[in-house]
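Here is the structure we will look at, set down as structure tokens.
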2 protein chains.
Amino acid sequence: MTLTSFSQMVLPSLEADIQKVVATSTIGNDQSLTDILAYHFGWNIKGSQPGKRIRPLLLLLATESCGESWQEAIPAASAIELLHNFSLIHDDIEDKSDTRRGRRTAWKEYTLPLALNAGDSMYSLAYISMERLSQFKSEETTLQSLRIFSQTCLNLTKGQHLDISFEDQDQVSIAQYWQMIQGKTAALIASCTQLGAVIAESDPTTQEAYRQFGLNLGLAFQVHDDLLGIWGDPEVTGKSAASDLLTRKKSLPILFGLEQNQDFAALWRKEITPDNVKQLAATLREEGAFDYTQKQAALLTEKARNYFQETGAQGEAAAVLEELMNLLIKRKH
Amino acid sequence: MTLTSFSQMVLPSLEADIQKVVATSTIGNDQSLTDILAYHFGWNIKGSQPGKRIRPLLLLLATESCGESWQEAIPAASAIELLHNFSLIHDDIEDKSDTRRGRRTAWKEYTLPLALNAGDSMYSLAYISMERLSQFKSEETTLQSLRIFSQTCLNLTKGQHLDISFEDQDQVSIAQYWQMIQGKTAALIASCTQLGAVIAESDPTTQEAYRQFGLNLGLAFQVHDDLLGIWGDPEVTGKSAASDLLTRKKSLPILFGLEQNQDFAALWRKEITPDNVKQLAATLREEGAFDYTQKQAALLTEKARNYFQETGAQGEAAAVLEELMNLLIKRKH
């Protein structure tokens with residue numbers, strides 16, 4: 001089994017399930033709320049590509065690799081995807097983003113008030129989806145999953161709070177950066193792998209190994225993403241060269257560079273334009289930010305791999321889970 | 001026991017519990033997210049009055065009147081108040097409201113992105129609070145409460161979606177109005193009374209009677225509020241005379257007037273100013289909107305009273321619950 005064949009096996013059930021849950025947002029005969037959610041997902045829109053569904057795939061693979069069938073984890077997998085998409089709808093409002101996946105963002109298409117509220121609907125639907133776990137599992141397991149889910153939601157908002165706050169802060173420490181990405185990126189990935197083990201009713205030590213595996217995978221993924229945001233190949237990433245410098249994002253290499261307080265830091269305080277951005281990226285690299293960031297990514301990847309070994313993941317699903325891990329950490333885009 | 005003495009007995013525990021839950025939004029040593037939530041609640045702000053906590057009081061009284069002690073329902077009561085306040089933070093953004101309870105709204109004070117995200121935190125905290133029910137009750141009861149809670153959240157967003165949509169619609173039917181207030185106002189009140197019976201582990205018939213009691217109480221409350229929004233005494237309501245006419249709110253008497261398609265409807269299509277608003281209110285009354293709305297409020301009040309009888313509510317708490325019902329329906333402000 002490969003990631004492709006596993007995806008082909010599970011994604012039709014997952015997509016059908018997400019659509020079934022979203023359909024419950026219909027108000028009597030009025031589809032107008034459901035339409036906003038469907039628009040965000042790109043359903044019934046010509047040329048729109050379905051998402052890769054990385055997070056639900058991680059959850060379903062974790063479940064299978066613990067020896068439980070993925071079908072029983074579908075309510076949780078849909079919940080995770082609904083939660084992720086709720087956060088995207090709100091993030092787009094908070095970041096004033098005009099486009100996502102090549103289309104106008106929900107708030108640009110439907111106004112801010114309706115999109116904000118539709119995001120809240122999606123959040124409710126995520127919980128409604130998760131609560132259906134009790135169709136397959138005990139009430140104890142369902143409740144434990146809900147508790148993990150709620151803590152994940154809270155951590156997401158903590159991470160987002162820090163990310164928004166960083167924009168207006170002159171001094172952001174690397175310690176604050178780790179706190180931010182732990183909430184904003186890694187918490188959700190960690191809950192995917194942990195929930196797989198919880199739904200499979202594995203022992204607490206195994207559940208914790210799965211959680212740590214996901215957490216470090218999420219951190220490694222983000223640090224790698226930060227590397228690509230400055231030194232990635234625009235032809236591969238699809239973003240402009242050194243885009244994180246142009247948007248003045250407080251990413252790990254940039255915070256490292258600012259802490260050095262040398263040429264990069266001086267240049268950063270001046271205007272950054274497409275004309276001088278390549279020079280800035282080169283200066284940042286000379287001051288050690290590339291090597292530092294790559295080292296951090298490598299350390300986190302090693303931690304993720306060690307925890308993956310500790311999970312005792314079994315069978316074909318374990319190999320596919322490893323394939324997905326490698327894809328996330330080694331990706332060039 | 002009176003409503004005042006019951007409130008004095010339970011509110012200190014409730015307030016302490018809400019504050020304890022909100023404190024978990026601290027990020028390491030960073031209080032800045034918690035500060036936004038505390039600001040919204042008016043904590044540590046000179047001259048700020050604590051809220052009346054009507055919804056948690058309804059829930060705690062329903063629990064007691066089913067013969068269960070209110071202490072066991074505190075996690076749910078806090079959850080309901082957190083949910084209500086999350087929806088206020090987001091409503092203020094959606095309605096572009098500048099002030100609430102005499103202070104700047106959270107988004108005016110802290111920027112829209114941070115307040116929107118803080119609302120999402122409050123939503124997560126509401127679930128975290130509700131999940132603590134299992135400290136006192138079975139996992140089955142906790143899960144049933146969570147399911148009711150999630151459906152309530154979804155219904156709130158459905159009602160809010162309709163309310164926002166009405167603003168730009170020329171034709172809103174009275175049928176659509178009922179659908180809107182059922183979601184926006186009555187769903188939360190219904191879940192308060194129903195959850196009380198669920199937490200007390202009453203039989204399903206009793207739970208349904210409590211739900212219907214709350215639902216009709218919520219509807220009656222809103223219709224009465226619509227009456228006050230046009231013909232209420234400004235000295236008592238604290239709002240300007242006929243304020244719902246000035247803000248062009250699609251309230252029940254106004255929709256009734258528009259459906260008559262007579263003088264009021266013609267005047268409504270023109271400009272409404274403080275100078276002509278009294279005439280407009282008088283015309284609306286002459287066309288029967290006051291009597292119609294009062295009749296609807298009376299019918300709903302009677303339904304609420306009948307369901308209250310059906311609940312079989314017992315003891316001192318039943319009398320206090322009735323007192324609270326009367327206060328909500330007969331209030332002049």
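The figures here come from the full heavy-atom set of this structure, side chains too, leaving out hydrogens, waters and symmetry mates. Convention: sequence-line order gives letters A, B, ...; per-chain numbering from 1.
Your options are B:N155, B:T152, B:T24, B:L156, and the one with the most heavy-atom pairs under 4.5 Å with chain A is B:T24. When A:L112, A:I36, A:L146 are compared by the number of non-hydrogen pairs under 4.5 Å with chain B, A:L146 comes out ahead.
Aromatic ring pairs are classed by plane angle as parallel below 30°, tilted from 30° to 60° and perpendicular above 60°; the pair B:H90 and A:H90 is perpendicular.
Only the side chain of A:Q179 comes within contact range of chain B, with heavy atoms under 4.5 Å apart. For a residue to count as touching a neighbouring chain, one of its non-hydrogen atoms must lie under 4.5 Å from one of that chain's; by this rule B:D30 touches chain A with the side chain only. Heavy atoms of A:F149 lying under 4.5 Å from chain B are absent altogether. Of the atoms belonging to A:I27, heavy atoms from both backbone and side chain fall under 4.5 Å from chain B.
For the residue pair B:H161/A:S32, the side-chain donor-acceptor check at 3.5 Å is satisfied. Using modelled atom types, one finds a donor on one side chain and an acceptor on the other under 3.5 Å when comparing A:S124 with B:Y123.
Taking every heavy atom of both residues into account, B:N117 and A:T157 meet most closely at ND2-O, 2.8 Å. Closest heavy-atom contact between B:P113 and A:I164: O-CD1, 3.8 Å.
The side-chain heavy atoms of B:S121 and A:K158, taken from C-beta on, include no pair separated by under 4.5 Å.
Taking CZ of B:R147 as the reference point, atom CD of A:E131 lies at 6.5 Å (rounded to 0.5 Å).
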